[in-house]
Number of protein chains: 2
Amino acid sequence: MFVQIDFNSDEAIYIQLRNQIIYGIATSQLQEGENLPSVRDLAEHIGINMHTVNKAYAMLKQEGYLKLDRRKGAVIAVDIDKLQAIREMREELRVVLARAFCKNISCEEAHEIVNDIFSEFERG
Amino acid sequence: MFVQIDFNSDEAIYIQLRNQIIYGIATSQLQEGENLPSVRDLAEHIGINMHTVNKAYAMLKQEGYLKLDRRKGAVIAVDIDKLQAIREMREELRVVLARAFCKNISCEEAHEIVNDIFSEFERG
DNA sequence: TATCTGTTATACTAAATGTATAACAGATAT
DNA sequence: ATATCTGTTATACATTTAGTATAACAGATA
């Protein structure tokens with residue numbers, strides 16, 4: 001498993017876990033229909049509590065990245081609500097880019113970084 | 001004052017306040033050398049505690065957006081550490097764009113939104 | 001001297017985070 | 001049938017964070 005938790009981070013463990021699973025989907029390390037480890041297995045592997053993993057899974061379900069099946073466990077299943085995704089992205093980008101603009105990062109430089117990151121995804 | 005706090009948000013008040021002040025700098029509503037209200041005045045105006053404002057100001061100081069002068073109070077003074085700003089931006093964008101990519105938002109669509117937001121800044 | 005700054009200290013409540021057991025209901029395999 | 005695996009829920013506890021509330025300090029200013 002590719003998950004790497006930073007226990008000294010100010011970011012909550014279940015948020016780190018959620019973000020890394022989403023990154024895994026974006027980079028095709030996790031593919032549609034694929035199973036995630038059970039909450040108990042993943043918790044033991046990382047060395048955290050079952051409920052912390054469950055919280056991440058529940059969040060991913062609510063945000064449309066997982067379906068939780070009692071037969072198969074947690075399965076990658078991305079629900080595409082593109083309009084809402086764009087709305088959310090715009091709000092988050094507004095905060096990130098405001099900081100960038102204050103620090104003299106140009107629109108062109110931002111575009112370059114966006115391209116870099118998208119190429120991480122498209123390489124898989 | 002342009003600050004608008006959402007008390008039902010899951011985002012901490014001092015984080016909302018910090019983000020809005022940074023957005024204010026990016027859109028030139030707040031300009032280099034300009035004074036912010038004193039922690040006590042702004043707290044009273046918003047209807048929150050003085051320490052919550054102080055926490056936002058301390059954070060903005062630590063991140064290089066303010067200088068806190070006992071004579072003048074809080075003064076906008078952006079310290080440009082572009083390399084660090086790019087590093088931080090890249091990490092944050094990785095999370096935001098991974099979500100976008102999973103939701104079928106293309107690189108081109110991301111660029112359009114970046115352009116939209118930068119035009120908010122450059123209009124002032 | 002009185003008043004304005006940011007800053008620090010202390011104390012309290014409420015909420016969020018993470019851990020720990022335990023149990024439930026559906027599905028699966030033996 | 002029985003045991004075992006799922007996610008899920010309930011309860012309890014400790015720690016940390018967020019926000020509020022008073023109070024005081026030190027430098028600057030009028």
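Throughout, protein chains are lettered first and strands after them, A, B, ... in sequence-line order, and every chain is numbered starting at 1.
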Open item on the list: On DNA chain D, does the nearest nucleotide to B:F7 precede the nearest nucleotide to B:R40 from the 5' side, or the other way round? Give the residue.
Closed with: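 On the 5' side of the pair lies B:F7.
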Open item on the list: Let me spell it out: for each of B:N54 and A:I48, pick the nucleotide of DNA chain C with the closest heavy atom. Which residue's pick is nearer the 5' end?
Closed with: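 Closest to the 5' end, via its nearest nucleotide, is B:N54.
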Open item on the list: Assuming nearest nucleotide by heavy-atom distance, tell me which of A:H51 and A:I13 is located more 5' along DNA chain C.
Closed with: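 On the 5' side of the pair lies A:I13.
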Open item on the list: Classify B:A74 by what it touches in the nucleic acid, base, sugar-phosphate, or nothing, heavy-atom distance under 4.0 Å.
Closed with: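 Touches sugar-phosphate only.
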Open item on the list: Running the 4.5 Å side-chain criterion over Ile, Leu, Val, Met, Phe, Trp and Tyr, what cluster does A:Y14 land in, apart from itself?
Closed with: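 Direct or chained contacts put A:Y14 with A:I15, A:M59.
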- [ ] Any chance you could pull the hydrophobic cluster mates of B:L83, using side-chain heavy atoms under 4.5 angstrom and chaining through other members?
- [x]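 Once heavy-atom contacts under 4.5 Å are chained together, B:L83 still belongs with nothing else.
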TODO: Decide whether A:E88 and A:Q84 meet the rule of one side-chain donor and one side-chain acceptor closer than 3.5 Å.
DONE: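 Note: A:E88 and A:Q84 side chains meet the donor-acceptor criterion.
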TODO: Give the dot-bracket string for DNA chain D, reading 5' to 3', where a pair is Watson-Crick or G-U wobble with both distances under 3.5 Å, ( ) marks pairs inside the strand, [ ] marks pairs crossing earlier ones, | marks a partner on another strand, and . marks unpaired.
DONE: |||||.|||||||||||||||||||.||||
Open item on the list: Test of understanding: with side chain to side chain donor-acceptor pair (under 3.5 Å), list the residues that count as partners of A:N104, not counting sequence neighbours.
Closed with: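 None.
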Do any side-chain atoms of residues 90-101 of chain A form donor-acceptor pairs under 3.5 angstrom with protein atoms, and if so which ones, sequence neighbours left out?
residue, atom, partner, partner atom, Å
A:R90, NH1, B:D116, OD2, 3.2
A:R90, NH2, B:D116, OD2, 3.4
A:E91, OE2, A:R94, NH2, 3.2
A:E92, OE1, B:R99, NH2, 3.0
A:E92, OE2, B:R99, NH2, 2.5
A:R94, NH1, B:E120, OE1, 2.7
A:R94, NH1, B:E120, OE2, 2.4
A:R99, NH2, B:E92, OE1, 3.0
A:R99, NH2, B:E92, OE2, 2.5

Open item on the list: If the condition is side-chain contact (heavy atoms from CB on, under 4.5 Å), which residues does A:K82 pass it with, not counting sequence neighbours?
Closed with: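 If we apply the side-chain contact (heavy atoms from CB on, under 4.5 Å) test to A:K82, skipping adjacent residues, the hits are A:I80, A:I86, B:I105, B:E109.
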Open item on the list: Need two values: the first and the last nucleotide of DNA chain D, 5' to 3', having an atom under 4.0 Å from any heavy-atom of chain B.
Closed with: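 Taking any atom under 4.0 Å from a heavy atom of chain B, the span is D:dA18 to D:dT29.
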Contacts under 3.5 angstrom, residues 46-56 of chain B side chains, donor-acceptor by atom type, not counting sequence neighbours:
residue, atom, partner, partner atom, Å
B:N49, OD1, B:H51, N, 2.8
B:N49, OD1, B:H51, ND1, 3.0

Task: Pairs involving residues 10-29 of chain B, ordered by first then second residue, that meet salt bridge (charged side-chain N to carboxylate O under 4.0 Å, His left out) (sequence neighbours left out) - done: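 Found B:R18-B:E63.
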- [ ] May I ask you to evaluate whether A:K72 reaches the phosphate of C:dA27, defined as a side-chain N or O under 4.0 Å from OP1 or OP2?
- [x]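 No, no such contact exists.
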